Amino acid sequence: MNIFSALKEALGSLAANKLRSSLTILGIVIGVAAVIAMVSLGRGLQASITSQLSGIGTTQLSVFYMPDPEIRNPQPLTTGDMQALVDPINAPDVKAVSASISGVGLVSFGSKSSSATIYGTTANYAELNNLKFQEGGFFGEEQVLGQSSTVVLGPRLADLLFNRTKGLVGEMVRIEGQPYRVVGVLQSLGQGSVSFSDTDMAVLVPYTTARLRLIPQGGRDQVDTLTVQVRDSSRTMQATEQVKQILRTRHRTPVGLDDFYVFASKDILDAANSITSMLTIFLGGIAAISLLVGGIGIMNIMLVSVTERTREIGLRKAVGARRRDILVQFLAESVMLSLLGGGLGILLGWLIGVAVAVVSENSGNAITPIVGIDSILLATLSASAIGIFFGFYPANRAATLQPVEALRSE
Amino acid sequence: MTPATPWVIQATHLTKTYRMGEVEVHALNGLSLQIASGEVVAIMGPSGSGKSTLMNILGCLDRPSSGEYILDGEAAARLRDDQLASIRNRKIGFVFQSFNLLPRASALANVELPLRYAGLNGKRKAKATAALEAVGLGDRIHHKPTELSGGQQQRVAIARALVNDPAILMADEPTGALDSRTGKEIMDLLLEINRERGTTVILVTHDPNVAARARRTIRLRDGQVEEAAS
Ligand SMILES: Nc1ncnc2c1ncn2[C@@H]1O[C@H](COP(=O)(O)OP(=O)(O)OP(=O)(O)O)[C@@H](O)[C@H]1O
Ligand SMILES: [Mg+2]
């Protein structure tokens, strides 16, 4: 008998006991659905964390002024530090460095005004921080050198002042009463995205201008944050080390004490990834236990079925069924049970995923569960493996029955 | 292929011992018999004399505890389970007192069963239909066993036994569950099969009228052949 006709026949004999078969299948459905739902949710969570963190960028290091309290004369970060970090020999993994200072000020247009964060930055700041524009662009090297009164607006601030975010290039706004010409409007960073600087409600001006007119406290070349772009995300650790070495030398800090802190967003991303994959494995593992319970259900029902049908097995053997024929017949039934359960379970697991996606979307923290081909394959394979594994013992029991004894049973 | 002897069945010193705790039951006690190809043999004897035990061994459903059994040239007592299955499939048709049909399958599917295990795929339906026609059930092939009378069910069982063209048809009290008229019809059918196909027929019966129609009667008592009459 070939596999196909064996499966067809198995379907027929399962149909003869519909309620019992359905309940057994239900056990597998729940197990497979739990595995699919848990794994897809775990992956969805991972993807959403990754996409939120990717706002910071995996090839970026942020350097802050953060002196160890034991250092007697800590040194602030400077534009000199920024230039020193672009050093192909001592820092081969550093591609570019930008600097920024920040403060708070009043921004107004006509009768409308609002308090906003002021970022004074270098010209490459937008590129290094992945800022995107709705219109216009960032100010260039020339404007920085010329301490020009140009400004880039965050979208929320633009909306507040103008009631629109388009057609603003060329308009004049006032920051702390001084006039600035708008050269660009940023795109929103998007909800839930993580970044060190909330540029949505900010103005960005050349740091030279800011130091001169808006944030005068602090030395002329003093900056708050350096953003370092690493050449290759796999070399983040080396780049971090190179940055630290250069700054330690320049700041002449005592061994083991730094007056700055280097933050690598990739570290956070890696940590988050390893936490979510652990979570996925953990949840999947718990779900797998319910799959195991479903498998035991199959074994149980198959044992009952073999006992009930002992006479039938005897008859089949009497007319020439070999061990293998009976084995295949009963294995086909248990595999059929588990495959049906597996198929419905995949569907149910996917539905659970969709339901969670809708709920999480409405609660403002969107997680889109990811049901991959691999988890479907895995579920199908493990369902049939369970069918074979838990079906083998009952099937083998049936196959090794002696015909006379089987025929004698009632 | 012509066998070296005219005997299709040659059993020598068969014993079958059942152990029930401390007690040993000798269901067969050194029984020997020979049956020629094309014979119709009735086996009689009091209840418990070992008739069913003997039939099960002759039908390769069971093995003797000791002794030799040669069926159609093959030493059946020494074969492995799957080899016995193959002999049951090819050489023997077995008819039971209680019919033993698959209750959910149609008459046709029941008769097809041995063909499936023989690995036959294409001509199954035609052969099974022919076998059902041969037992006079050509118009009942799609009925389930529950939709057939006892006599008709036994005919389906005989069709199933015949479908692989076995050399031997064995029947353990085939008329035991039927009234005397239906029993006679079944006996007619078995004799007709023997006449038309030359199939060797061995049947166990308690009914002297049935036994009288066989060419030879073997009487058992306490697991041994009592006498042979013709
Ligand atoms: N599986 C078994 N275990 C133990 N003893 C058995 C078994 N099968 C048969 N026997 C014993 O073997 C003896 C022969 O039994 P068997 O069934 O062959 O008798 P029989 O001639 O067919 O009787 P009946 O006419 O009632 O069918 C009996 O004493 C019976 O109790
Ligand atoms: Mg008997």
Side-chain angles (χ1 to χ4, degrees), chain A residues 1-21 301-302 304-333 336 395-410, chain B residues 16 18 27 52-64 80-106 109-121 124 128 144-145 157 159-164 166 170 172:
Chain A
M1 276 203 293
N2 62 31
I3 298 293
F4 183 71
S5 70
L7 284 177
K8 203 172 120 192
E9 193 172 329
L11 202 60
S13 93
L14 294 179
N17 250 315
K18 286 198 187 64
L19 181 63
R20 185 203 281 182
S21 304
I301 233 56
M302 289 313 294
V304 170
S305 162
V306 167
T307 308
E308 274 179 0
R309 285 153 70 192
T310 305
R311 217 184 155 80
E312 175 194 325
I313 295 163
L315 181 269
R316 285 176 185 272
K317 292 205 141 190
V319 300
R322 285 154 303 168
R323 220 185 90 90
R324 211 189 50 140
D325 295 319
I326 303 294
L327 196 68
V328 166
Q329 179 191 343
F330 281 88
L331 273 184
E333 281 181 29
M336 202 65 176
N396 192 49
R397 210 177 194 189
T400 47
L401 280 174
Q402 287 301 310
V404 245
E405 277 148 35
L407 278 169
R408 207 179 283 135
S409 89
E410 247 331 299
Chain B
K16 182 74 184 180
Y18 294 108
S52 293
T53 306
L54 175 64
M55 284 299 267
N56 288 338
I57 289 171
L58 295 184
C60 292
L61 294 169
D62 204 358
R63 289 192 185 84
R80 284 181 287 110
D81 283 359
D82 279 357
Q83 292 171 313
L84 285 183
S86 159
I87 288 193
R88 289 195 295 269
N89 187 251
R90 289 179 292 117
K91 298 196 171 172
I92 298 169
F94 214 107
V95 178
F96 304 88
Q97 178 175 358
S98 50
F99 321 140
N100 272 333
L101 300 172
L102 298 183
R104 285 189 302 272
S106 67
N110 266 290
V111 175
E112 278 187 29
L113 200 59
L115 298 175
R116 283 223 313 255
Y117 293 125
L120 202 71
N121 282 321
R124 256 186 358 223
K144 300 248 167 82
R160 181 180 63 195
L162 278 183
V163 73
N164 250 346
M170 300 196 186
D172 191 351

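None of the values given here were measured: they were computed from a predicted structure. Order of the sequence lines sets the chain letters (A, B, ...), proteins ahead of strands, with each chain counted from 1.
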Looking only at heavy atoms, what is the nearest atom pair of [X] and [Y], with distance?
{"X": "Val319(A)", "Y": "Asn89(B)", "value": "O-ND2, 2.8 Å"}
{"X": "Gln329(A)", "Y": "Tyr117(B)", "value": "OE1-OH, 4.2 Å"}
{"X": "Asp81(B)", "Y": "Gln402(A)", "value": "OD2-NE2, 3.2 Å"}
{"X": "Ala321(A)", "Y": "Ala85(B)", "value": "O-CB, 3.6 Å"}

Okay, Arg160(B) and chain A: the region with an atom under 4.5 Å from a heavy atom over there is side chain

Below 4.5 Å, heavy atoms only, C-beta onward: do Leu407(A) and Asn56(B) meet side chain to side chain? no

Using side-chain heavy atoms (C-beta onward) and a distance below 4.5 Å, is Arg316(A) in contact with Leu102(B)? yes

Most heavy-atom pairs under 4.5 angstrom with chain B, which of Ala318(A), Ala16(A), Gly314(A)? Ala318(A)

Interatomic distance, CZ@Arg116(B) vs CD@Glu9(A), rounded to 0.5 Å, equals 4.0 Å

Is the backbone N or O of Lys317(A) less than 3.5 Å from a side-chain atom of Arg88(B), with the two atoms forming a donor-acceptor pair by type? yes

Is a donor from one side chain sitting under 3.5 angstrom from an acceptor on the other, for Arg311(A) and Ser98(B)? yes

